[in-house]
Amino acid sequence: MAAFAIKSLVSQITAKHSPSDRASSRIEIKSALISVKRRCGSKIPVLAASIHSESDQTIEALKKKNGPLSSTHLSNSVSSGSCLRVAYQGVRGAYSESAAQKAYPNCEAVPCEQFDTAFESVERWLVDRAVLPIENSLGGSIHRNYDLLLRHRLHIVGEVKYAVRHCLLANHGVKIEDLKRVLSHPQALAQCENTLTKLGLVREAVDDTAGAAKHVALQKLEDTGAVASSAAASIYGLNILAEDIQDDSDNVTRFLILAREPIIPGTDRPFKTSIVFSLEEGPGVLFKALAVFALRRINLTKIESRPLRKQPLRASDDGNNGLPKYFDYLFYVDFEASMADENAQNALRHLKEFATFLRVLGSYPVHTSMV
Ligand SMILES: O=C(O)C(=O)C[C@]1(C(=O)O)C=C[C@@H](O)C=C1
């Protein structure tokens with residue numbers, strides 16, 4: 001493998017950890033190199049082998065329990081394994097499960113109660129990957145996952161786009177006019193805003209679309225429907241009252257694929273890089289930050305800002321009369337270039353000159369096909 005690729009892998013990992021946290025960097029670099037060796041056909045080192053057997057026991061115990069992972073399952077567990085285990089949020093029949101299967105057709109999709117649980121299950125080696133929604137063409141960004149990307153130390157290793165087609169589901173014998181309320185994931189409810197308003201249904205948000213279908217079925221509700229997939233209808237034995245009820249037929253959710261180790265960025269196919277940074281206060285600083293890409297003709301595909309939490313209130317020194325400053329932001333940017341590309345490396349070096357914080361979340365192949 002080219003030396004620059006290993007160098008870029010190592011610098012991506014080191015950039016994630018604070019300088020005082022060298023131990024974590026070393027562990028992660030070691031495990032990334034082990035995986036590289038494995039991919040290159042070398043023997044699996046003892047460290048990784050012992051990890052396998054421990055995790056297999058854990059996953060067997062989990063399979064017996066046959067329920068979604070919760071934070072209580074996340075103790076003392078480590079992993080990897082021959083067949084890829086992929087965490088998703090929700091229960092069986094959730095769109096996230098289909099996205100996980102689209103990303104890894106032969107994977108074992110592992111349901112998790114919450115997004116945090118999916119992040120943690122990768123960190124603690126319970127699973128190999130997590131596939132989590134980040135944005136939807138109708139509903140916009142899934143902010144929780146932006147926040148969790150920063151709170152956890154995983155790498156984005158890929159993306160998958162999934163066409164979401166919502167159905168209105170109800171128990172057999174229930175007619176559309178019998179319905180008073182409808183349950184679903186808040187994003188799914190938002191994506192069907194027009195249809196649900198026309199039907200005059202009271203909306204109730206739950207953790208995931210398939211969970212809504214399961215609840216309606218288990219409780220044998222007669223005045224309540226669920227917005228979920230046709231797969232959820234067949235899993236939970238519900239009737240499909242209406243199909244394709246999203247406000248726009250082109251309803252696509254983009255999911256991120258997360259792993260403990262970054263992938264080696266390439267230049268053999270289109271790559272995308274996701275970063276997060278913060279800036280000093282001042283006129284034109286965001287303009288200056290974005291110019292580092294524009295100057296090098298690097299196309300940006302997404303920009304998202306999130307409040308910088310746990311930031312002590314800062315008295316402004318920029319003519320704000322010393323009033324406390326409440327709004328500090330993190331900027332998440334996706335750009336169309338690989339970290340193996342010198343142009344992208346120069347852009348980030350330039351950004352680092354004035355960014356108060358910068359982290360590369362991942363450099364990964366662009367997902368183009370919708371099939
Ligand atoms: O509830 C589900 O089925 C999910 O997979 C979650 C989710 C989301 O979080 O946005 C995923 C895709 C759809 O956009 C609606 C809901």
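All figures in this text were calculated on a predicted structure; none of them were measured in a lab. Whatever order the structure lists them in is the order used to number ligands and atoms, beginning at 1.
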Checklist outcome for this item: From the list R254, E135, E304, side-chain hydrogen bond (donor to acceptor under 3.5 Å, both in side chains) partner of S141 resolves to E304
Next on the checklist: Tell me the protein heavy atom at minimum distance from atom 8 (C) of ligand 1, and give that distance in Å.
Outcome noted: H185 CE1, 3.6 Å
Next on the checklist: With a 4.0 Å cut-off on heavy atoms, is P133 in contact with ligand 1?
Outcome noted: yes
Checklist outcome for this item: Only residue of Q191, H185, Q246 satisfying side-chain hydrogen bond (donor to acceptor under 3.5 Å, both in side chains) with H166 is Q191
Checklist outcome for this item: The closest protein heavy-atom partner of atom 2 (C) of ligand 1 is T209 OG1, 3.2 Å
Checklist entry - So which bit of Q191 gets within less than 4.0 Å of ligand 1, heavy atoms only: side chain, backbone, both or neither? => result side chain
Checklist entry - Should H350 and L295 count as side-chain neighbours, where that means a heavy-atom distance under 4.5 Å? => result yes
Residues 172-180 side chain polar contacts: donor-acceptor under 3.5 Å, at least two apart:
from : atom 1 : to   : atom 2 : distance (Å)
H172 : NE2    : G237 : O      : 3.4
D178 : OD2    : K175 : N      : 2.8

Checklist outcome for this item: If you scan protein heavy atoms around atom 11 (C) of ligand 1, the nearest is F255 CZ, 4.0 Å
Next on the checklist: Looking at R165 and D250, is there a salt bridge between them, counting it only when a charged N and a carboxylate O are closer than 4.0 Å?
Outcome noted: no
Item to check | Nearest-contact summary for atom 4 (C) of ligand 1 - protein heavy atom, Å | outcome: S96 OG, 3.4 Å
Checklist outcome for this item: Residues at least two apart in sequence or cross-chain that pass side-chain hydrogen bond (donor to acceptor under 3.5 Å, both in side chains) with E222, listed by chain then number, are none
Checklist entry - How far is atom 12 (C) of ligand 1 from its nearest protein heavy atom, and which residue and atom is that? => result T253 OG1, 3.6 Å
Checklist entry - Taking everything shown except R92 itself, do over 12 heavy atoms lie less than 6.0 Å from its CZ? => result no
Next on the checklist: If the cut-off is 4.0 Å to any non-hydrogen atom of N136, which atoms of ligand 1 fall inside it?
Outcome noted: 14 (O)
Next on the checklist: Closer than 4.0 Å to some heavy atom of Q187 - which atoms of ligand 1 meet that?
Outcome noted: 10 (O)
Item to check | Proximity of D208 to ligand 1 by residue part, where a heavy atom lies under 4.0 Å | outcome: both
